Engineer: 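The structure is given below, and queries will be raised subsequently.
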Amino acid sequence: MAGWLKKRTLRWLIPVHRYLGLAMSLILLLWFASGIVMMFEGYPRTPASDRMAWLAPMDPGQLAATPTRALAALNLEEPAALRINQPGERPRIHAMNAQGQWRSAFADTGQPAPPLNRQQARKRARELSGAAVASVTRLDGPDQWTVNSHVRAPAPLWRVALADDAGTHLYLSRPTGEVIHSTTFHERVWGYAGPVIHWIYPTQLRQLSGVWRQVVLWVSGIGTLATLSGLILGLMLMRWNKRRGGVSPLQGLFRWHHYLGLAFGTLAATWVFSGLLSMTPFYWTSADRDPALGQRLGHSSPATHEQASAPAQVGGLAGATPRELQLHRFNGQRYYRTMDASGAEQLYPASQAAAPVGEDGNLPANRVREAAKAGDSELTAFRKQNAYDAYYYAGRAARIGGEQPTLPVYRATYDDGARLYIDPATGGVLQHSTPLTRLNRWLYNGLHSLDFPVLNPGSVAWYALVLALLSGGTLLCLSATWLSVRYLWRRKRGR
C-alpha cells in the first residue's frame, strides 16, 4: 500500500515540479543572482545629510511670514505636508495639497514663489557640483530612481546630467527648487543588477503600486511552490532509492540538479517564502496594531499652522542656522522641528503654549512617558535604551548606506505586547513593534537575510556564509534553467 501511494505521489509531483520549474527557473535564477549583488549594493538613496548639504543655512530672523499667511497666498488651507528651507537665495515655505502637488511661497514675505525653470536648474546644479552640465531633462513623472517610496520627489522634476567622472544625475524639483536626489553611474548600474531585478521594479509597473504588489505576491507564491515541490520530490527520490546506497537514481545534469536541490533546496524554499512575506500578504502584520497608539507622541503636523508663530518670532531659534524647519506636534503642543547640516533634529516651541525642550535638546523622559500613556493600551514599562536590540537595529539597507538608527531611544512597552521606540529629540515613533511584526522580523529578516544576532550580521564571517549559500542557490537555479531550456528545445524539435 505504501509503495502504491509513493508511486501515485511521484506520478503527479514530477510534472507539477517540472511545469512550475519551466515557469519559475529563470526568475529564481535572477532573484538569487541579484540577491548576491544586494549584499553589497542597494537602491540609490539620498540621506538627510546630503539633502541638507544642498540647502543654504537659514537666518531665522528673516523668516517673517507665518505658515498661515503663506498658505493663504497659495490658496491652500489644509496642506498635507509643509516644510521651510532655502534652496536658493531666499527662504521658502513649501506646501503640498491633497492631490500631491507642491507649491512654494517666500518665507520672508509670504508671497508666491515662481517655479524653477530650466536655466535656473542648470545654474543651480553647476553651482552645487562645480561640474559642467551635460543635459537637462524635464520629468513630469518619476523615473527609475525616483519611483521608490523612500524618495520624496515633488514633481515635476528637472534631471540634470553632470559632465563629471562619476556620471552624476541631480534631481531638482520644479515647484520647490530643491535638490531632492542624486545618483551616479555606479549606483545606477548596480541598481539595475540588484534591486530593480530583485524587486521586479521597472518604473511603469512600480507606478501601479497595487498591480506591482499583486505581481510580486503571485510570482513569489508560485516560486515557493516550485522550490517546495522540488525539495519534497528530491527527498522522496532518495528515500525511494535508498537500496542503492543513497545515490541519486537520476542521470547527467538531472543528478547534479538533484544533489544541488538536496543541499540548497531548503534554503531556496525558505528564502523565496520569506521574500513573499516582505509584501505582508493579507496585511497580516497589521492585525494586532493599534493605530491610535502613540498619537500624542511626536509627528509632522502641517494642520497646526494656524497656531504657529512666524519662525522669526520664536526666541529659541535666535542664533541658530537650521537647514530646514517643519511643523511638529507633540502631546498636543506645536513645535518647529529643525534639521541641521548633519541631519540632526531638534524641537523649538512654535507657540507660547508649547513647553520648551530640555537643555540637552532632548525631550525630558517624564514628558515622553506621559505622552506615551495616552491611548487604550496600558503602559507597563518605559526606559531609556542606549544599545540596539534584536528588533531595533541597523538592517541591510542601513549597513550598505553606512547609516545607523538613532541612539539612545526611549522604549515604551504596553500590556498588549506593543513596543514603541521613541526619538528623544522629537518624541517621534521610530518603530512601532507588535508581536506579529516581531514574528515577521524572524520569518522575513531572519530567513531572507540571515539577520540572526548569533551570526553577527555585517561581519566577515556572515558575508562569507551568506555568499556561499546564495551562490549555491544560484547554481541550483542555473541547473534548473538549463534543464528547462533543454526541455523546451526538445519539445520544439519534436513538433
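Bear in mind that the values here come from a model prediction, so they are computed numbers and not experimental data.
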Engineer: Would you give the length of the straight line joining atom CH2 of W256 to atom CG of L250, rounded to the nearest 0.5 angstrom?
Structural biologist: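 Here the rounded value is 13.5 Å.
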Engineer: Can you find a pair of side-chain heavy atoms, one from M58 and one from L325, that are under 4.5 Å apart?
Structural biologist: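 A side-chain contact under 4.5 Å exists here.
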Engineer: If you define the side chain from C-beta out and look only at heavy atoms, does anything of M24 sit under 4.5 Å from V219?
Structural biologist: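 In short, these two side chains touch, coming nearer than 4.5 Å.
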Engineer: Can you establish whether the number of heavy atoms outside W54 located under 6.0 Å from its atom CH2 is more than 12?
Structural biologist: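 Buried by this count: over 12 neighbours within 6.0 Å.
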Engineer: After noting the C-alpha distance and the side-chain angles of S301 and L327, does the key distance pass the side-chain contact (heavy atoms from CB on, under 4.5 Å) rule?
Structural biologist: CA-CA 6 Å; S301 183; L327 285 174; 5.6 Å; no
Engineer: To the nearest 0.5 Å, tell me how far L476 CG sits from Y259 OH.
Structural biologist: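 Atom-to-atom, L476:CG and Y259:OH are 15.0 Å apart.
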Engineer: Is a donor on one side and an acceptor on the other found under 3.5 Å between the side chain of R441 and the backbone of Y391?
Structural biologist: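 No: the side chain of R441 does not pair with the backbone of Y391.
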Engineer: State yes or no: are the ring centers of W145 and Y201 separated by less than 6.0 Å?
Structural biologist: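 Centroid separation for W145 and Y201: 6.0 Å or greater.
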Engineer: Say you draw a straight line from OG1 of T481 to CG of L29; how long is it, rounded to the nearest 0.5 Å?
Structural biologist: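 So the gap between those two atoms works out to 4.5 Å.
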Engineer: Answer yes when R45 and E403 have at least one side-chain N-carboxylate O distance shorter than 4.0 Å, and no when they do not.
Structural biologist: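 E403 and R45: not salt-bridged.
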Engineer: Can you see whether H181 engages T146 through a side-chain donor-acceptor pair at a distance of less than 3.5 angstrom?
Structural biologist: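 Looking only at side-chain atoms, T146 and H181 do not form any donor-acceptor pair under 3.5 Å.
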Engineer: How close do G427 and L297 get, heavy atom to heavy atom, and via which atoms?
Structural biologist: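 Answer, listing the atom of G427 first, then L297: O-CB, 3.3 Å.
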Engineer: How about L450 and L469: do any of their side-chain heavy atoms sit closer than 4.5 Å?
Structural biologist: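 Heavy-atom side-chain distance check passes, below 4.5 Å.
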Engineer: Taking the side chain as every heavy atom from C-beta outward, state whether P154 and I180 have any pair of such atoms under 4.5 Å apart.
Structural biologist: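 Yes, at least one pair of side-chain atoms sits under 4.5 Å.
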Engineer: Please tell me whether W271 and H198 form a close aromatic pair, meaning their ring centres lie under 6.0 Å apart.
Structural biologist: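 Distance test on ring centres: under 6.0 Å, yes.
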Engineer: side-chain contact (heavy atoms from CB on, under 4.5 Å) between L237 and S248: does it pass, once the steps are laid out?
Structural biologist: CA-CA 7 Å; L237 287 175; S248 172; over 6 Å; no
Engineer: Please indicate whether W218 has more than 12 foreign heavy atoms, meaning atoms of other residues, nucleotides or ligands, lying under 6.0 Å from its CH2.
Structural biologist: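 No - once you tally the heavy atoms of other residues, nucleotides and ligands closer than 6.0 Å, there are 12 at most.
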Engineer: Report yes or no: does R103 contribute a side-chain atom to a donor-acceptor pair with the main-chain N or O of L74 at less than 3.5 Å?
Structural biologist: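 A pair under 3.5 Å: yes.
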Engineer: Check A125 against L170 and note the closest heavy-atom contact, atom names and distance.
Structural biologist: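 The answer is CB-CD1, 3.9 Å.
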Engineer: Any side-chain to backbone donor/acceptor pair from R337 onto H328? Under 3.5 Å, distance only.
Structural biologist: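 Side chain of R337 to backbone of H328: no pair is present.
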Engineer: Between R188 and T183, is any side-chain donor less than 3.5 angstrom from a side-chain acceptor?
Structural biologist: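 Note: R188 and T183 side chains meet the donor-acceptor criterion.
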Engineer: Using atom types as modelled and distance alone, determine if a side-chain donor or acceptor of S286 lies under 3.5 Å from a backbone N or O of R289.
Structural biologist: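 Absent.
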Engineer: With the side chain counted from C-beta on, respond yes when Y392 and L407 share a heavy-atom pair under 4.5 Å apart, and no when they do not.
Structural biologist: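 The answer is yes, as the side chains (C-beta and beyond) meet within the 4.5 Å cut-off.
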Engineer: Testing the basics here: between V272 and G223, what is the closest heavy-atom pair and its distance to 0.1 Å?
Structural biologist: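 Looking at all heavy atoms of both residues, the closest pair is CG1-C, 3.7 Å.
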Engineer: Is R124 reaching over with its side chain to a backbone N or O of L172, donor-acceptor style, under 3.5 angstrom?
Structural biologist: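 Looks like no, no N/O pair under 3.5 Å.
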Engineer: For M339 and R83, run side-chain contact (heavy atoms from CB on, under 4.5 Å): C-alpha distance rounded to whole Å, both residues' side-chain angles, the deciding distance at 0.1 Å, then the answer.
Structural biologist: CA-CA 11 Å; M339 188 176 292; R83 60 177 178 266; over 6 Å; no
Engineer: Does R18 make a cation-pi contact with F254, if we ask for NZ or CZ under 6.0 Å from the ring centre and within 45° of the axis?
Structural biologist: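 R18 over F254 ring: no.
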Engineer: Using modelled atom types only, decide if a donor and an acceptor are shared between the side chain of S274 and the backbone of T270 within a distance under 3.5 Å.
Structural biologist: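 Side chain of S274 to backbone of T270: a pair is present.
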Engineer: Under 3.5 Å, is there a donor-acceptor pair between the side chain of Y388 and the main chain of P405?
Structural biologist: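 Yes: the side chain of Y388 pairs with the backbone of P405.
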Engineer: Which distance, rounded to the nearest 0.5 Å, do you find between the CG of L267 and the CG of L470?
Structural biologist: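 If we round to the nearest 0.5 Å, L267:CG and L470:CG are 7.0 Å apart.
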Engineer: Would you kindly say whether T434 and D288 are connected by a side-chain donor-acceptor distance under 3.5 Å?
Structural biologist: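 Yes, D288 and T434 have a side-chain donor paired with an acceptor closer than 3.5 Å.
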Engineer: At their closest point, which heavy atom of H257 faces which heavy atom of S479, and how far apart are they?
Structural biologist: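 Looking at all heavy atoms of both residues, the closest pair is ND1-OG, 2.8 Å.
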Engineer: Does the R118 side chain pair with the main chain of V136, one donor and one acceptor, at a distance under 3.5 Å?
Structural biologist: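 Between the backbone of V136 and the side chain of R118 there is a qualifying donor-acceptor contact (under 3.5 Å).
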Engineer: Tell me, do Y414 and L420 make a side-chain contact under 4.5 Å, heavy atoms counted?
Structural biologist: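 A side-chain contact exists here, since the closest heavy-atom pair is under 4.5 Å.
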Engineer: Could you tell me whether the side chains of T46 and D50 share a donor-acceptor contact shorter than 3.5 Å?
Structural biologist: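 No - no donor-acceptor pair under 3.5 Å links their side chains.
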Engineer: At their closest point, which heavy atom of L231 faces which heavy atom of G261, and how far apart are they?
Structural biologist: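 Nearest heavy atoms, L231 then G261: CD1-O, 4.2 Å.
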Engineer: Output, in order, the C-alpha distance, side-chain angles, deciding distance and verdict of side-chain contact (heavy atoms from CB on, under 4.5 Å) for R329 and Y335.
Structural biologist: CA-CA 6 Å; R329 177 181 290 185; Y335 294 85; over 6 Å; no
Engineer: Measuring only between side-chain heavy atoms, which start at C-beta, is I14 closer than 4.5 Å to L233?
Structural biologist: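 Contact flag for I14/L233 side chains = yes.
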Engineer: Counting heavy atoms not belonging to Y421, are there more than 12 under 6.0 Å from its OH?
Structural biologist: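 Atom OH in Y421 is packed in, count exceeds 12.
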Engineer: Decide, yes or no, whether a salt bridge links R399 with D451 under the criterion of side-chain N to carboxylate O below 4.0 Å.
Structural biologist: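 A salt bridge is present here (some side-chain N lies under 4.0 Å from a carboxylate O).
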Engineer: Mark yes or no for whether W212, through its side chain, and I200, through its backbone, hold a donor-acceptor pair below 3.5 Å.
Structural biologist: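 Yes.
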Engineer: Please state whether the rings of H169 and Y171 are parallel, tilted or perpendicular, taking 30° and 60° as the class boundaries.
Structural biologist: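 Because their plane-to-plane angle is over 60°, the rings of H169 and Y171 count as perpendicular.
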Engineer: If you count every heavy atom of other residues, nucleotides or ligands that lies below 6.0 Å from D165 atom CG, does the total exceed 12?
Structural biologist: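 At most 12 heavy atoms, drawn from other residues, nucleotides or ligands, come within 6.0 Å of this atom.
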Engineer: Could you give the distance from CG (N85) to OG1 (T338), rounded to the nearest 0.5 Å?
Structural biologist: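 Answer for the CG-OG1 pair, N85 versus T338, is 13.0 Å.
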Engineer: Surrounding CH2 of W462 (heavy atoms of other residues, nucleotides or ligands, distance under 6.0 Å), is the total greater than 12?
Structural biologist: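 Buried by this count: over 12 neighbours within 6.0 Å.
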Engineer: Counting heavy atoms not belonging to F452, are there more than 12 under 6.0 Å from its CZ?
Structural biologist: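 Count over threshold, so yes.
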Engineer: Hydrogens and angles aside, do R491 and Y487 bring a side-chain donor and acceptor to less than 3.5 Å of each other?
Structural biologist: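 Per modelled atom types, R491 and Y487 side chains form a pair under 3.5 Å.
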Engineer: To the nearest 0.5 Å, what is the distance between CG (L293) and CG (D416)?
Structural biologist: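 Nearest 0.5 Å value for the CG-CG distance: 7.0 Å.
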Engineer: Around atom CD of Q207, are there more than 12 heavy atoms of other residues, nucleotides or ligands at under 6.0 Å?
Structural biologist: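 Check passes, neighbour count above 12.
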Engineer: Can you name the closest pair of heavy atoms from Q385 and R411 and give their distance?
Structural biologist: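 Between these two residues, the closest heavy atoms are OE1-CD, 3.2 Å.
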Engineer: Taking the side chain as every heavy atom from C-beta outward, state whether S173 and H94 have any atom pair closer than 4.5 Å.
Structural biologist: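 The answer is no; the side chains never approach within 4.5 Å.
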Engineer: Counting N and O atoms only, with roles assigned by atom type, does the side chain of S104 sit under 3.5 Å from a partner on the main chain of P175, one being a donor and the other an acceptor?
Structural biologist: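 Yes: the side chain of S104 pairs with the backbone of P175.
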